[in-house]
2 protein chains.
Amino acid sequence: MSTKSVQPKNIDTRDRILDAAEELFVEHGFAATSLRAIATRADVNLAATNYHFGSKMGLLGSVFHRHIFPVNEERLKRLKALERSERSLTLNEILEALFLPLIEGLPHERLPALMGRIFSEPESITKPIIEKEFAEVAARFQAAIVKVLPDLPIEILRWRFHLMIGSMIHMLKFQSPIGSEYSRDMFTKGIEELINYSVAGLSRGQNLQGNPDQQVNHQEISK
Amino acid sequence: MSTKSVQPKNIDTRDRILDAAEELFVEHGFAATSLRAIATRADVNLAATNYHFGSKMGLLGSVFHRHIFPVNEERLKRLKALERSERSLTLNEILEALFLPLIEGLPHERLPALMGRIFSEPESITKPIIEKEFAEVAARFQAAIVKVLPDLPIEILRWRFHLMIGSMIHMLKFQSPIGSEYSRDMFTKGIEELINYSVAGLSRGQNLQGNPDQQVNHQEISK
DNA sequence: ATTCGATTTAAACGATCGTTTGATTGAATG
DNA sequence: CATTCAATCAAACGATCGTTTAAATCGAAT
């Protein structure tokens with residue numbers, strides 16, 4: 001109420017609710033997870049969920065924001081750092097700025113699965129959240145990609161960007177290819193593959209400008 | 001009961017339930033759709049849903065099977081036709097056999113959205129369905145792709161196949177890139193882009209055998 | 001005309017849902 | 001010590017859920 005921000009006395013409760021909600025949302029989805037199950041797992045009173053987060057949707061928003069906000073901050077920070085240099089960027093650099101924050105300084109082991117799940121919810125649930133959290137990141141990175149692929153018609157680039165996001169979501173959701181077991185190394189490898197795959201898909205048929213390094217892989221793999 | 005299959009007397013009810021369920025599942029997801037809402041939209045009695053399909057899960061299975069089965073049949077038919085020829089196949093041909101049945105002779109306009117939604121449900125829901133409907137298609141196409149990319153380590157190929165499926169699901173779910181309006185032409189264009197994108201991603205760094213056409217794009221990327 | 005199985009129906013089952021209420025706690029403030 | 005207020009609690013709100021029951025209805029075969 002005062003101008004000084006009031007610290008909540010008991011941050012344990014809030015955080016325990018967030019932790020429990022996160023686990024259950026990932027496992028069963030939003031609609032199939034009850035506030036009672038969350039409260040039970042968090043070992044708090046049922047009414048505490050509404051007291052701290054207003055509603056079930058509010059809780060979902062908070063669960064998501066907690067982990068994705070720092071990742072998106074890091075993404076924008078890296079992109080801005082790249083853009084401050086005056087040379088023209090490479091597609092590889094841009095996608096690294098977009099995807100590597102998902103594993104470097106990973107704020108929480110459960111973030112990837114959480115992102116994968118939220119993006120999979122029906123649009124009525126995800127739309128406000130995605131617009132709030134991702135509007136800026138999506139716009140800025142798409143603009144950056146346009147710059148390195150100037151000859152690609154915009155409608156094709158939109159499709160490819162769309163396909164890239166789909167790969168990312170699916171990869172985050174399962175975290176290892178079907179039939180393989182999860183491990184941190186496996187996941188890291190997946191992010192690298194995601195970057196390679198996306199570079200190839202986005203730039204198909206295009207002359208890439210910028211650092212020729214990014215074509216090295218391309219060449220050295222061709223025997 | 002007899003050896004002759006008994007035709008249900010009133011296929012109207014069954015089909016009306018399937019139609020209604022399909023629309024509502026796509027729009028709101030499985031958990032958030034009630035059997036009462038389905039029965040109301042289908043203009044049938046609530047108990048009819050359990051009578052004809054046993055349970056809500058049974059209904060979901062039937063909704064999905066109805067449209068995806070013919071598509072998967074067509075996919076396998078095309079792949080087998082390719083494999084009967086004795087020349088070595090191209091990646092492009094294989095992916096066309098995998099993706100073009102989604103638009104050619106499209107059994108139902110709503111299939112893409114339905115596939116996109118089902119694949120997005122929590123694993124506890126989708127796992128039995130996906131295993132039942134897609135096990136053979138996934139195995140056969142993955143094997144075919146291995147043959148045209150013999151030098152690609154299997155763990156990398158698994159990731160790339162995984163990323164490709166992610167692109168497909170996302171593309172089916174939205175049917176047009178964010179910010180663009182849906183049209184049948186737009187969707188067809190998206191399938192074509194999906195094939196191009198996947199060829200580039202899967203074959204990145206690989207020498208493709210078969211029709212050299214598909215390498216043209218690949219080469220012109222390197223300036 | 002009657003029988004019979006398949007289908008439809010109204011009604012209810014017990015369970016669970018998100019949210020709200022009003023009392024109670026407990027630590028900080030004066 | 002008295003006051004205050006954020007936080008917690010048990011309990012209940014009305015609504016809705018998937019499923020089941022048992023009677024009613026219908027068409028075709030006997």
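In what follows, every chain begins at residue 1, and chains take the letters A, B, ... in the order their sequences are listed. These numbers come from a predicted model, not from an experiment.
B/H162 and A/E193 are not linked by any side-chain donor-acceptor pair at a separation below 3.5 angstrom, with hydrogens and angles left out of the test. A donor atom on one side chain and an acceptor atom on the other are not found under 3.5 Å apart for B/E192 and B/N196.
A salt bridge (charged side-chain N to carboxylate O under 4.0 Å, His left out) check over residues 125-138 of chain A, counting only residues at least two apart or in different chains, returns the pairs A/E136-A/R140.
For the pair A/T13 and D/dT8, the criterion of a side-chain N or O lying under 4.0 Å from OP1 or OP2 is met. Within the structure, every side-chain polar atom (N or O) of A/N45 is placed at least 4.0 Å from both OP1 and OP2 of D/dA7. When the side-chain nitrogen and oxygen atoms of B/H52 are compared with OP1 and OP2 of C/dA6, none of them lie within a distance under 4.0 Å.
In this structure, A/D43 atom CG and D/dA7 atom P are separated by 19 Å, rounded to whole Å. Atom CZ of B/F53 is separated from atom P of C/dT7 by 12 Å (rounded to the nearest Å).
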Please enumerate all protein N or O atoms sitting under 3.5 Å from an N or O of nucleotides 17-20 of chain D, with distances to 0.1 Å.
residue	atom	partner	partner atom	Å
D/dC17	OP1	B/S34	OG	2.9
D/dG18	OP1	B/T33	O	3.4
D/dG18	OP1	B/K56	NZ	2.9
D/dG18	OP2	B/L35	N	2.9
D/dG18	N7	B/R36	NH1	2.6
D/dG18	O6	B/R36	NH2	2.6
D/dT19	OP2	B/N50	OD1	3.4
D/dT19	OP2	B/K56	N	3.0

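By the 4.0 Å N-to-carboxylate-O rule, A/R66 lies close enough to A/D19 to be salt-bridged with it.
Side chain of A/S180 to backbone of A/S176: no donor-acceptor contact under 3.5 angstrom is found.
Stacking of B/K56 on the aromatic ring of B/F30 is recorded, both the 6.0 Å distance cut-off and the 45° axial limit being met.
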